[in-house]
Amino acid sequence: MRNSCFRACPLCEAICGLELQFEQGQLVAIRGDADDPFSRGHVCPKGNAIIDLESDPDRLTQPMRRIRSGHAGGEDLWQAIGWDEAFALAGDRLAAVQQAHGPASVAAYLGNPNVHHFGHIAYLPTLLRLLQTPNLFSASSVDQWPHQFVNALMFGHQFLLPIPDIDRTDYFLMLGANPVASNGSLMTAPGIAKRLKALTARGKLVVVDPRRTETAEIASEHLFIRPGSDAMFLVAFVQALVRCGAARTGAYSGRLSGLDEALTAIAEVNCAGLFEQTGIDPDTVLRLAAEFYSAPSAVAYGRMGVSVQAFGTLCQWLLQIVNIYTGNLDRVGGALVNEAAIPITGPGTSSGKRGRWRSRVRGLDEFGGELPVSVLAEEILTPGAGQVRALITSAGNPVLSTPDGRNLDSALAQLDFMLAIDIYINETTRHSDLILPPASPLTQHHYDLIFNAFGVRRVARLSPPVRERAPGERADWEIVNGLGAAYAAASGKSWKSMLPPKAMIAAGLARGDSGLTLEDLEAAPHGIDLGPLRPSLLSRLETASGKIEAAPPLLLAELQRLTQRFDGNRESATLRLIGRRDVRSNNSWMHNAPRLVKGKLRHHLLMHPQDLAARKLEDGARVRIRSRVGEISTEVMASDAMMPGVACLPHGFGHDRAGARMTRARLVSGASYNDLSDPFALDTACGNAALNGLAIEVERA
Ligand SMILES: Nc1nc2c(c(=O)[nH]1)N[C@H]1C(S)=C(S)[C@@H](COP(=O)(O)OP(=O)(O)OC[C@H]3O[C@@H](n4cnc5c(=O)[nH]c(N)nc54)[C@H](O)[C@@H]3O)O[C@H]1N2
Ligand SMILES: Nc1nc2c(c(=O)[nH]1)N[C@H]1C(S)=C(S)[C@@H](COP(=O)(O)OP(=O)(O)OC[C@H]3O[C@@H](n4cnc5c(=O)[nH]c(N)nc54)[C@H](O)[C@@H]3O)O[C@H]1N2
Ligand code: SF4
Ligand SMILES: [Mo]
């Protein structure tokens with residue numbers, strides 16, 4: 001007898017509804033939930049791999065304490081301990097480090113999966129505040145900081161995020177995103193390939209990317225662009241729009257400030273060398289701008305490819321200028337801000353302030369309460385007052401995910417104490433003194449605070465537990481409460497136990513104006529559709545002026561930096577490295593799932609045949625890749641989907657590190673992109689890492 005249970009997938013931003021089929025308590029099959037009004041039955045290979053995660057023998061189920069071997073080259077021992085002992089140990093050690101070295105000596109890093117678990121995202125911030133440390137980090141600074149920062153500057157809140165109205169737009173200009181592989185990012189749109197195909201049938205999708213990606217393959221048009229030159233392209237695009245006709249800003253009347261100033265500054269940028277810099281000629285830019293300008297509705301959007309590069313912030317601003325100039329911001333078929341049932345903007349939320357403190361060693365600004373993760377290693381390695389000596393990671397693998405991971409790897413080995421809230425002993429958590437593994441998400445209540453708020457429709461869905469927790473297991477939120485209480489007791493602070501998820505979700509709904517209650521959600525196991533996005537940004541602006549700020553001084557200064565970078569600096573013969581994602585990977589952590597790692601290799605470097613020939617390399621050769629920071633070796637494959645002069649390597653590989661205990665992942669070949677990426681390569685406007693466009697050399701290994 002099979003029985004079906006329903007919940008949202010906890011693995012990526014698409015938040016697909018899943019139908020999970022159990023037989024005698026065992027998860028045996030997963031399908032897309034056909035009755036989810038948003039995802040309509042979509043599921044991807046990662047969703048199916050939840051079966052592997054559930055039965056993974058390497059997955060931790062009880063707290064693990066590491067006993068250091070004591071001699072070089074010796075193997076550490078891991079000992080299972082009880083939860084009470086584990087909480088007490090964590091609380092005592094964290095408090096002791098702070099007692100001896102001050103509040104800043106404890107740091108924390110939150111990885112990507114935290115946003116997919118209500119019991120992490122709604123609870124951890126309270127614990128982190130109690131630590132009173134300036135040294136908070138997350139994967140956001142190797143990801144979407146430029147979006148958040150530009151939203152904060154222009155609209156007054158980091159999460160007033162314009163989302164492409166993908167199902168209704170007539171013209172989609174997409175830079176540096178590959179949603180057919182990534183399932184969509186900062187636009188939650190389950191089953192995105194179908195949505196894009198519908199779009200190309202009714203209108204046009206233009207993809208700008210140094211690789212002819214899976215998304216480019218289904219687009220109406222694809223343009224190769226030199227990595228890191230998008231800001232130049234967008235400047236030329238705005239200049240071309242101005243030539244097409246007047247700004248269509250009537251709808252923003254009285255609520256838009258600085259557009260003329262922005263346009264003047266943009267007009268002053270010299271785009272004479274456009275083709276040499278970007279690989280795109282001025283006539284093409286003019287044609288695309290004319291198409292965009294005359295389309296009944298249109299939207300410009302850019303994701304990882306333009307976020308994690310040297311001019312990420314500038315790109316995100318220019319994309320919004322394109323949307324504003326053509327009247328497509330806050331307009332049906334353009335870019336709209338979601339009105340989430342549980343609000344993440346407005347009173348009581350963090351609007352995204354910046355510069356309230358700085359990193360100790362390099363002096364980089366805080367943003368939204370965090371420092372750029374590119375400084376984490378130096379904060380651990382540089383002696384002096386305020387040095388980081390203890391680290392908490394929660395659902396993060398910064399050794400594989402952040403710049404110069406090798407250096408961070410050795411930094412972690414020097415910590416006095418490290419605590420990980422994680423389910424694996426992996427490249428990062430092998431350095432922990434203690435790992436606290438939460439129970440499977442399938443045993444926990446979940447409401448997606450973030451991705452319901454970034455959806456291309458307004459939806460709401462409560463995911464109930466679909467199986468029982470084993471007696472010794474703890475939910476995410478229980479772990480936070482346990483840690484909070486133990487740390488407070490050891491440090492003489494006070495901790496008020498936080499309510500269980502359902503109570504928090506009910507309180508969140510009450511703050512919004514959807515009218516939904518917890519009971520409504522419970523009565524709708526497949527989720528609730530609240531309708532398409534609506535214009536709402538103008539009435540929700542949180543800037544001091546109450547207006548859209550089109551010309552923040554910091555961004556005008558970025559235009560100067562762009563001019564300096566490109567002035568007379570003709571794109572050299574430097575080979576540039578960019579990343580890629582595959583439908584069968586999930587950042588660095590799902591390579592232990594057999595069904596995701598079988599079949600063809602996915603870790604190799606891609607290069608254009610011409611670039612291989614120039615280096616006397618053949619398809620399949622083993623190569624050494626060198627950057628300023630490090631070197632790795634891997635296999636190279638010839639691909640005419642690459643722009644000449646650009647090489648492409650996925651991140652999240654490099655699992656063969658001593659002490660990690662992920663049996664199958666260990667056998668997966670491939671090296672880590674972030675052993676090459678540079679912690680000093682930053683989008684200096686906000687401090688985000690510039691992972692893409694890295695200068696490299698490739699030679700036979
Ligand atoms: N070169 C390069 N680097 C990149 C990127 C890139 O494109 N190129 N992408 C960047 C981006 S966008 C991101 S978001 C980051 C991701 O960076 P991270 O979040 O640091 O890395 P992940 O690979 O997502 O690691 C997730 C961790 O969560 C753990 N985990 C999984 N499930 C659970 C759970 O249920 N509970 C708990 N507590 N832990 C769990 C895993 O074991 C793993 O340790 O990487 C960034 N790094
Ligand atoms: N299967 C799978 N899905 C995922 C993930 C995963 O690891 N695997 N990770 C999830 C996460 S955490 C995130 S943040 C999202 C990311 O979602 P996306 O941003 O859609 O993902 P990427 O594949 O990194 O797309 C970036 C694109 O930018 C291009 N690019 C690189 N440099 C440049 C440049 O300088 N200019 C331009 N124009 N393009 C450039 C790359 O070729 C690539 O196609 O995906 C999520 N979904
Ligand atoms: S697309 Fe994302 S949310 Fe949907 S099944 Fe795949 S991993 Fe899960
Ligand atoms: Mo991400």
Side-chain angles (χ1 to χ4, degrees), residues 8-18 30 32 39 42-50 53 109-114 116-117 120 138-140 142-144 174-186 190-192 207-211 213-216 225-230 233 302-309 315 373 393-403 420-424 426-429 436-441 476 479 576 578-590 646 648-652 662 672-674 676-677 689 691-694:
C9 176
L11 295 176
C12 95
E13 299 184 33
I15 57 172
C16 301
L18 298 180
I30 295 180
S39 65
H42 182 74
V43 64
C44 83
K46 286 187 293 169
N48 275 305
I50 290 175
L53 293 181
Y109 170 83
L110 304 193
N112 168 279
N114 287 288
H116 298 291
H117 298 289
H120 280 331
S138 84
S140 296
V142 280
D143 191 345
Q144 79 286 354
M174 180 186 289
L175 278 73
N178 185 15
V180 170
S182 70
N183 297 299
S185 182
L186 298 187
I192 196 157
V207 169
V208 182
D209 197 300
R211 180 167 74 93
T213 59
E214 297 79 354
T215 307
I225 189 164
R226 286 288 296 167
S229 70
D230 302 78
F233 165 78
R303 206 36 206 108
M304 281 300 279
V306 290
S307 308
V308 287
Q309 56 143 290
C315 286
V373 71
T393 64
S394 176
N397 192 6
V399 166
L400 292 193
S401 307
T402 69
I421 305 175
D422 209 286
I423 57 172
Y424 287 118
N426 65 17
E427 300 76 16
T428 295
T429 62
L436 303 177
S440 159
D476 299 335
I479 293 176
R576 300 275 166 188
I578 62 168
R580 71 173 178 273
R581 285 176 156 78
D582 183 281
V583 279
R584 287 176 187 275
S585 75
N586 200 15
N587 294 323
S588 75
W589 70 274
M590 283 186 73
V646 185
C648 175
L649 186 79
H651 74 287
M662 295 181 70
S672 176
Y673 187 118
N674 290 314
L676 298 171
S677 57
L691 302 168
N692 282 325
L694 188 70

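Each ligand, and each atom within it, is numbered from 1 in the order the structure gives.
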S.K.: Does either side chain, that of S185 or that of E13, offer a donor lying less than 3.5 Å from an acceptor on the other one?
M.R.: yes
S.K.: In the protein, which heavy atom is nearest to atom 6 (C) of ligand 1, and how far is it?
M.R.: H651 ND1, 3.2 Å
S.K.: N/O/S atom of C9 under 2.8 Å from atom 2 (Fe) of ligand 3, yes or no?
M.R.: no
S.K.: Test N586 against R581 for side-chain hydrogen bond (donor to acceptor under 3.5 Å, both in side chains), laying out the working first.
M.R.: CA-CA 8 Å; N586 200 15; R581 285 176 156 78; over 6 Å; no
S.K.: Under 3.5 Å, N or O to N or O, is D422 touching ligand 1 that way?
M.R.: yes
S.K.: Heavy atoms only: which of D230, N183, L175 lies closest to atom 37 (C) of ligand 2?
M.R.: D230
S.K.: Mark up the atoms of ligand 3 that fall under 4.0 Å of a heavy atom belonging to N183, in ascending order.
M.R.: 1 (S)
S.K.: Taking heavy atoms and a distance under 4.0 Å, where does S588 meet ligand 1: side chain, backbone, both or neither?
M.R.: both
S.K.: What part of N112, side chain from CB on, backbone N/CA/C/O, both or neither, has a heavy atom under 4.0 Å from ligand 1?
M.R.: both
S.K.: With a 3.5 Å cut-off and no angle check, do the side chains of D143 and S140 form a donor-acceptor pair?
M.R.: no
S.K.: Which ligand 3 atoms, with their elements, are less than 4.0 angstrom from a heavy-atom of L11?
M.R.: 7 (S)
S.K.: Decide whether the shortest distance between a heavy atom of K46 and an atom of ligand 2 is less than 4.0 Å.
M.R.: yes
S.K.: For K46, take its heavy atoms, then give the atoms of ligand 3 lying under 4.0 Å from any of them.
M.R.: 7 (S)
S.K.: Atom 6 (Fe) of ligand 3 and C16: any N/O/S contact shorter than 2.8 Å?
M.R.: no
